[in-house]
Amino acid sequence: MPTNAPQDEADDRSGKTPERRCLVRGESGPTDALIRFAVAPDGTITPDITETLPGRGLWVTADATCLQMAIDKKLFGRAAQQQVKVPATLVADTQVLLQRRTLDLLGLMQKSGQLLHGADAVREAAGKGKLSYVLAAADASAAGFADMAGRRSTPALRLPFTATALG
């Protein structure tokens, strides 16, 4: 393992999904259900959405309420065993970073041809049985969403982004 890898990174050669413990709930779970935070050199708690920052990770369930509880109960300092600074905007900053990461990943999927957009393209792919999921913008019409989600066994999800943001 490279020396600059995060200290809590699991060995992926085993094929097991890495699990971490939430600071708030105390329950272990897969890392895709948690958000990693790291302590910056100046002692500031920093969201590590890409899980690449050095140092020991501090994990919190991906839920704004859990994150706020970690802040209110001063769990970051206790877990890091040092004085830490928690920015007043940590919850909002984390949400913005997660939204940006989601949009970036959707953009990469579109560029690779794995993401279709537009009702006609989705209907055509659905007719050929080539859909894994149906994603809809937050401002998509209820009738259009119901049409896409209701006729197929494909899972459907309304995203928290407007059509403009997704475009």
Point to revise | Heavy atoms from other residues, nucleotides or ligands near CD of Gln82 exceed 12 (cutoff 6.0 Å) | key: yes
Of all the heavy-atom pairs spanning [X] and [Y], show the shortest one and how long it is.
X	Y	answer
Ala163	Ala137	N-CB, 3.5 Å
Glu19	Ser28	OE1-CB, 3.9 Å
Pro54	Ala38	O-CB, 4.2 Å
Cys22	Leu34	CB-CD2, 4.0 Å
Phe76	Val86	CD1-CG2, 4.4 Å
Val91	Ala64	CG1-CB, 4.2 Å

Do you reckon [X] sits in the same ILVMFWY cluster as [Y], going by side-chain contacts under 4.5 Å, direct or chained?
X	Y	result
Met109	Leu159	yes
Ile49	Leu106	no
Leu135	Leu98	no
Val96	Leu103	no
Leu166	Leu97	no

Roughly how far, to the nearest 0.5 Å, is the [atom2] atom of [Y] from the [atom1] atom of [X]?
X	Y	atom1	atom2	result
Leu58	Arg36	CG	CZ	8.0 Å
Glu51	Ile35	CD	CD1	10.0 Å
Phe37	Leu75	CZ	CG	12.0 Å

State whether the side chain of [X] and the backbone N or O of [Y] hold a donor-acceptor pair below 3.5 Å, judged by distance alone.
X	Y	result
Asp139	Thr162	no
Arg21	Gly26	yes
Lys85	Asp42	yes
Asp48	Leu53	yes
Arg78	Lys73	yes
Arg56	Ala79	yes
Thr89	Ala92	no

Tell me, do [X] and [Y] make a side-chain contact under 4.5 Å, heavy atoms counted?
X	Y	value
Leu157	Tyr133	no
Gln99	Thr102	no
Thr46	Val39	no

Exercise for review: Among Thr61, Thr94, Leu23, Val24, find the residue that satisfies the side-chain contact (heavy atoms from CB on, under 4.5 Å) test when tested with Leu67.
Suggested key: Thr94
